[in-house]
Asker: 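Just dropping this structure here.
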Amino acid sequence: MSSSPSVITCKAAVAWGAGQPLVIEEVEVSPPQPQEIRIKVVATSLCGSDVAAWESQPIFPRIFGHEAAGIVESVGEGVTEFKEGDHVLTLFVGECKRCRHCTSNKSNMCRTLGLERSGLMHSDRKTRFSIRGNPVYHYCAVSSFSEYTVVHSGCAAKVSPKAPLEKICILSCGVAAGLGAAWNVADVSKGSNVAIFGLGTVGLSVAQGAKLRGASQVIGVDINPEKGEKAAKDFGVDMYLNPKDYDEPIHEVIKRITDGGADYSFECAGDTRATTTALQSCCDGWGLTVTLGVPKAKPEITAHYGLLLTGRTLRGSMYGGWKPKSDIPSLVDKYMNKEIRVDEFVTHNLQLEDINKAFELMREGKCLRCVLHMPR
């Protein structure tokens, strides 16, 4: 580069308090520090965990957003794998490729660039955003509800420049999490019965993944009838169940339908009560329940020990078990080769300035993914 990157002033949607409408503000974005890159965000989508954190977490002012695709604007000292102009996906869990977890085939929980909860950058525990000299905090070390953002180079994945950024942005979280839960964590087998609790983007991605693995019956559970209709039409859910339509517990209904319980069940609703129900819906002996929703309240899981004593297994899933930097680009390739569905998850397209409408749609259960487009 002919000169060092300087501070950029741009627009960002800033949250000033829990549950308060976001405000489009002029923010200053610092240059990337060593091992960091600054990205011009092209498209970013709203995820349920953004909404949950906005409603409940105490760190403000803050820029949310973690599902994003963009173009590298500048690179910090020591960055060799990215250059200006590269197309990238952001990663809310990074991969240093050196720590105990990164070098193990049993984990994707990087010890250096793991889930960041304090609103700061991994490297120096500072922010890269400010308004009139006052810090604005990050979310998951990504903060994509901004025209520009800075991330650690280990928290981005280079992708094909031919891939449409406004579509593949949702592969940086929700769709990848669901597909990976079915493929990597559960390893769904051909001919199996699968029950999915919560038919949002993550749950429907589990359904897609299970069908691609040859599951013979996929049962979707959700209290929103509109989601049930879309699940059957676009994502191969064979049977939709609304717990409100039954006088008996829904796990009893599933056990009756599946002759004793599902082979696999997935909790994708962000409700620990649903985790218990999913575990109850599994069969004795080999039933596996995977929980991957982010609960808004009551994080503790309650279950009778007998459910585990009789052979059921409960597993957690972060990012679908993918090693993000190494594996997520392969999902982009699968999308480009028409091996997986992505476009169908995008139910709304809005401009950044309409971000509060996106939050409203998500809270009301009226969208799967709302993609926010940045000003050109």
Side-chain angles (χ1 to χ4, degrees), residues 1-17 20-47 50 53-54 59-77 79 82-92 116 119-124 126-153 155-156 159 165-166 168-169 172 349-359 370-376:
M1 293 181 294
S2 59
S3 61
S4 299
S6 57
V7 172
I8 286 178
T9 300
C10 69
K11 294 185 183 299
V14 179
W16 290 94
Q20 296 179 18
L22 280 65
V23 180
I24 303 298
E25 304 274 14
E26 292 281 337
V27 300
E28 293 86 42
V29 186
S30 298
Q33 297 305 298
Q35 300 302 324
E36 295 176 354
I37 61 176
R38 188 161 58 187
I39 300 169
K40 176 177 174 58
V41 178
V42 173
T44 179
S45 49
L46 178 62
C47 174
D50 291 308
W54 166 71
I59 303 171
F60 295 99
R62 199 173 198 181
I63 297 173
F64 286 101
H66 63 282
E67 284 189 352
I71 301 170
V72 175
E73 177 271 337
S74 57
V75 301
E77 180 183 344
V79 175
F82 296 105
K83 64 182 185 301
E84 295 176 25
D86 282 344
H87 287 210
V88 294
L89 288 180
T90 58
L91 307 170
F92 70 93
E116 210 297 311
L120 303 170
M121 293 295 289
H122 287 100
S123 54
D124 60 5
K126 296 179 181 179
T127 74
R128 301 290 179 264
F129 296 105
S130 62
I131 295 179
R132 292 180 290 278
N134 298 310
V136 177
Y137 295 96
H138 299 248
Y139 178 64
C140 291
V142 174
S143 293
S144 57
F145 296 160
S146 171
E147 292 181 282
Y148 289 86
T149 190
V150 175
V151 303
H152 193 283
S153 59
C155 294
V159 297
L165 298 177
E166 72 278 7
I168 65 169
C169 61
S172 64
N349 287 278
L350 296 173
Q351 297 300 308
L352 177 65
E353 62 191 33
D354 298 319
I355 191 168
N356 288 305
K357 182 179 179 181
F359 271 72
C370 179
V371 172
L372 297 163
H373 300 260
M374 296 295 162
R376 292 189 180 276

Asker: Are Trp54 and Leu22 close enough that some pair of their side-chain heavy atoms sits under 4.5 Å apart?
Answerer: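 SC-SC contact between Trp54 and Leu22 confirmed.
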Asker: Do the non-hydrogen side-chain atoms of Ile71 and Leu165 ever get within less than 4.5 Å of each other?
Answerer: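 Yes, at least one pair of side-chain atoms sits under 4.5 Å.
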Asker: How about Cys155 and His122: do any of their side-chain heavy atoms sit closer than 4.5 Å?
Answerer: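 Touching, per the 4.5 Å side-chain cut-off.
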Asker: Whether the side chain of Gln35 engages the backbone of Gln33 through a donor-acceptor N/O pair (distance < 3.5 Å, no angle test) should be reported.
Answerer: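 Side chain of Gln35 to backbone of Gln33: no pair is present.
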Asker: Of all heavy-atom pairs between Val29 and Cys10, which one has the smallest distance, and what is that distance?
Answerer: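 The pair with the smallest heavy-atom distance is CG2-SG, 3.7 Å.
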Asker: Any idea which heavy atoms bring Ala358 and Leu372 closest together, and the distance?
Answerer: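 Closest pair (atom of Ala358, atom of Leu372, distance): CB-CD2, 4.2 Å.
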Asker: State the CG-OG distance between Asn349 and Ser45, to the nearest 0.5 angstrom.
Answerer: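 Asn349 CG to Ser45 OG: 10.5 Å, rounded to 0.5 Å.
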Asker: So, do Ile37 and Ser74 sit near enough that their side-chain heavy atoms are less than 4.5 Å apart?
Answerer: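 With C-beta onward as the side chain, the pair stays apart.
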Asker: Grab the two heavy atoms, one from Ala69 and one from Ile168, that are nearest each other, plus how far apart they are.
Answerer: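 In terms of heavy atoms, the two residues are closest at CB-CG1, 4.4 Å.
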Asker: Taking all non-hydrogen atoms of both residues into account, name the closest pair between Ser153 and Phe82 and its distance.
Answerer: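 So the minimum-distance heavy-atom pair works out to O-CE1, 3.3 Å.
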Asker: Tell me, please, which residues at least two apart from Thr9 pass side-chain contact (heavy atoms from CB on, under 4.5 Å).
Answerer: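 Residues passing side-chain contact (heavy atoms from CB on, under 4.5 Å) with Thr9: Glu26, Glu28.
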Asker: Which pair of heavy atoms, one from Glu25 and one from Ile131, lies closest together, and at what distance?
Answerer: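 Result for this residue pair: CB-CD1, 4.0 Å.
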Asker: Would you name the heavy atoms of Val88 and Ala156 that are closest together and state the gap between them?
Answerer: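 Looking at all heavy atoms of both residues, the closest pair is CB-CB, 4.5 Å.
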Asker: Can you tell me how far apart CZ (Arg38) and CD1 (Ile8) are? Round to the nearest 0.5 Å.
Answerer: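 Nearest 0.5 Å value for the CZ-CD1 distance: 3.5 Å.
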Asker: State, yes or no, whether a side-chain contact exists between Glu67 and Cys169 at a heavy-atom distance under 4.5 Å.
Answerer: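 Answer no - side chains too far apart.
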Asker: Within this structure, what is the CG-CZ distance for the pair Leu350 and Phe359, rounded to the nearest 0.5 Å?
Answerer: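 Separation between the atoms: 12.0 Å.
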Asker: Is a donor from one side chain sitting under 3.5 angstrom from an acceptor on the other, for Glu36 and Ser123?
Answerer: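 The criterion, which ignores hydrogens and geometry beyond distance, is satisfied for Ser123 and Glu36.
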Asker: Below 3.5 Å, can you tabulate the donor-acceptor pairs from side chains in residues 135-147 to any protein atom, sequence neighbours excluded?
Answerer:
unit_1 : atom_1 : unit_2 : atom_2 : d
His138 : NE2    : Arg128 : N      : 2.8
Tyr139 : OH     : Ser49  : O      : 3.1
Ser143 : OG     : Ile63  : O      : 2.8
Ser143 : OG     : Tyr139 : N      : 2.8
Ser144 : OG     : Thr44  : OG1    : 2.7
Ser144 : OG     : Gly65  : O      : 3.4
Ser144 : OG     : His66  : N      : 3.2
Ser146 : OG     : Tyr148 : N      : 3.4
Ser146 : OG     : Tyr148 : O      : 2.6
Glu147 : OE1    : Lys11  : N      : 2.6

Asker: For Gln351, enumerate each residue passing the side-chain contact (heavy atoms from CB on, under 4.5 Å) test, keeping only those at least two apart in sequence or located in another chain.
Answerer: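 Expected list: Glu353, Asp354, His373.
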